[in-house]
Amino acid sequence: MTTTSEPVAEQVQAFLTERTRQTWARDTDLFAVGGVSSMFAMELVVHLESTFDIVIAGPDLALDNFRTVDGMTALVLRLREAEQ
Amino acid sequence: MSDDLAGLVADRVGDRAAGWDVAGELPRDLLAELGALGVLCAQVGVEHGGAGLDSRANGELTAAVGELCGSLRSVMTSQGMAAWAIRRLGTAGQRDHFLRRLTSGELAAVGFSEPGAGSDLAAMATTITDGGSGDVVVRGRKVWVTAAHYADLLLVFGGYRGGATAVVVPADTPGVRVERVPHPSGCRAAGHAGLVLDHVRVPADHVLGGVGLPLPLVVTAALTYGRMSVAWGCVGILRACLAAAVEHTGGREQFGIPLAGHQLVGRLLAELYVGEQIATRACEHASASWDGGAPEVATDAVQAKYVASRAAAAGASHAVQLLASAAACDGHVVARAYRDAKLMEIIEGTTEICQLLLAEHVRGRAGTVRGRP
Ligand SMILES: Cc1cc2nc3c(=O)[nH]c(=O)nc-3n(C[C@H](O)[C@H](O)[C@H](O)COP(=O)(O)OP(=O)(O)OC[C@H]3O[C@@H](n4cnc5c(N)ncnc54)[C@H](O)[C@@H]3O)c2cc1C
């Protein structure tokens, strides 16, 4: 199965909206605006893993991969690609 | 599977936990044996020589060990946390290499805390720097590292390339000094020690992930396992206290009836029982989150650790009261529980730090104090 960026980004945005009660543009830096605690960063990791059936470990945990919706989308697509 | 392993540990421990507590020492060969059987980090997958338990089954195993011996359970927490950190922060190659070592009898300890960084781990001053010729250099001090006295591998957290990560330092590397905490007040045989790391050179491929990662994420990832383990260990403390209290108050008579027949005694038994039940439910909930891949797992682990450690400290205090002079000597299961339980309110985030994390969690969800959908 191939995954395209649009549905992944929408899914991530929906999760962020549900958890933070605000909407997030695809390129807004979540960490810069102080919207993210260490607990929430971990929540994001586990959410992406279970929703997209991927494992995010080691160097993939780099902050840049979680900074924006676009960053997380690219990470998900890359890891899904690698799974196949 | 979890029951089999618990039975095996019970068989090996026998009635020796009291003696280990008084001596402040666990038999190293027993630790190596349990390590090689995969018991000490039972969530490691079978592909890496582990038992492949899920969080719930490993939790029950941890509680069973904790019921017997808080020191052995502490060693198990360290080994499991090291394994989990390697799994989460390491590369595929590092997982294959190091996890197999952790299920082959080598023992591990995990160092976050420093003289200037207890609750405030962002103040960590240990550094891991690229040293050229395929090495890194580790410099710093760690304090209160559980199991460091026994460990072959020290998992040391520190700053790296603008972020943070952990590095696997073999304990016999030149420049490493392990200085035992002389007389810990609880979990006395768990081998707590300070580490002095003086220009310690290790191969660069011992740096987990090989890049600088966000410190909060690194710490939360590792501590989430540690919190689950401590929480289930506290369930074990409560079960040990409950069993001892029920037995003692059912057998000993004062004022012509068994102690348990006195209503004020009954109240403490009830509170002890409820503490055990609540702690168990909080742990089951957190393990279900872990096993189900629920995003809330980190918060649920904080909650479980918070609930279970407080229940254990209160429950152990009740048990001491109920056994009175019968438990007033070191080595006794209830005396150990009393000393060990209080320390469980300190490690892996103190009670106050847990409160701050939980408060932050609800605030982040203003107006949506949610149950699980
Ligand atoms: C038995 C035992 C085993 C341990 N094992 C390990 C191990 O394996 N690896 C490791 O790295 N470390 C280990 N530790 C260290 C442990 O993690 C620290 O002791 C713990 O994080 C608390 O740090 P501290 O002792 O420096 O207390 P401090 O941080 O100095 O805290 C002192 C008191 O102030 C409170 N406090 C601090 N900050 C705040 C705040 N912002 N708001 C409100 N209250 C606050 C605390 O809750 C506490 O009550 C162990 C400790 C013990 C006792």
Side-chain angles (χ1 to χ4, degrees), chain A residues 8 11-24 28-69 71-76 78-84, chain B residues 84-95 121-122 161-166 207-224 289-303 349 354 356-368 370 373:
Chain A
V8 174
Q11 210 293 333
V12 174
Q13 281 173 313
F15 178 74
L16 288 173
T17 304
E18 186 217 323
R19 295 306 163 104
T20 65
R21 320 285 294 164
Q22 53 182 302
T23 52
W24 295 88
T28 304
D29 187 335
L30 277 87
F31 292 79
V33 298
V36 178
S37 66
S38 60
M39 288 286 138
F40 190 70
M42 201 65 225
E43 266 195 43
L44 273 176
V45 171
V46 180
H47 172 75
L48 294 177
E49 287 188 328
S50 47
T51 306
F52 299 106
D53 198 21
I54 51 177
V55 175
I56 309 174
D60 290 329
L61 290 169
L63 189 58
D64 281 345
N65 290 333
F66 300 91
R67 251 181 219 296
T68 61
V69 172
M72 287 184 258
T73 304
L75 176 71
V76 168
R78 180 164 61 74
L79 291 175
R80 292 207 60 137
E81 193 94 337
E83 294 267 299
Q84 283 155 26
Chain B
W84 176 250
I86 288 163
R87 178 150 152 201
R88 185 51 107 176
L89 308 177
T91 61
Q94 289 172 327
R95 286 197 288 279
L121 286 177
R161 294 193 188 171
T165 188
V207 179
L208 297 186
V211 299
L213 299 171
L215 178 72
L217 202 56
V218 164
V219 167
T220 305
L223 286 182
T224 296
S289 290
W290 184 296
D291 291 330
E296 300 84 357
V297 62
T299 304
D300 291 342
V302 170
Q303 177 176 282
C354 290
L356 294 176
L357 290 171
L358 293 168
E360 190 177 88
H361 172 75
V362 280
R363 274 206 335 243
R365 284 147 181 53
T368 56
R370 297 163 317 132

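Hydrogens, waters and symmetry mates are skipped; everything else that's a heavy atom, side chains included, is used. None of the values given here were measured: they were computed from a predicted structure.
- Of the atoms belonging to A:V55, not a single heavy atom falls under 4.5 Å from chain B.
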Note to self: Run the side-chain hydrogen bond (donor to acceptor under 3.5 Å, both in side chains) test on A:H47 and A:Q11 for me, step by step, so that the C-alpha distance in whole Å, both residues' side-chain angles and the decisive distance to 0.1 Å come before the verdict.
What the structure shows: CA-CA 11 Å; A:H47 172 75; A:Q11 210 293 333; 3.1 Å; yes
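- Options B:V211, B:V302, B:L217 differ in how many heavy-atom pairs under 4.5 Å they form with chain A, and the most are formed by B:L217.
- Evaluated for a side-chain contact (heavy atoms from CB on, under 4.5 Å) with A:F15, the options A:T20, A:T51, A:L44 yield exactly one hit, A:L44.
- With salt bridges taken as basic N to acidic carboxylate O contacts below 4.0 Å, one links A:E49 and B:R88.
- With a 4.5 angstrom heavy-atom cutoff, B:L89 touches chain A via backbone and side-chain atoms both.
- Considering only heavy atoms from C-beta on, A:V46 comes within 4.5 Å of A:M42 through its side chain.
- For chain A, the nearby part of B:R87 is the backbone; its heavy atoms alone come within less than 4.5 Å.
- Taking B:P216, B:G209, B:A298, B:P295 one by one and counting their heavy-atom pairs under 4.5 Å with chain A, the maximum is reached by B:P295.
- Under the 4.0 Å criterion applied to side-chain N and carboxylate O atoms, A:R78 and A:E83 are not assigned as salt-bridge partners.
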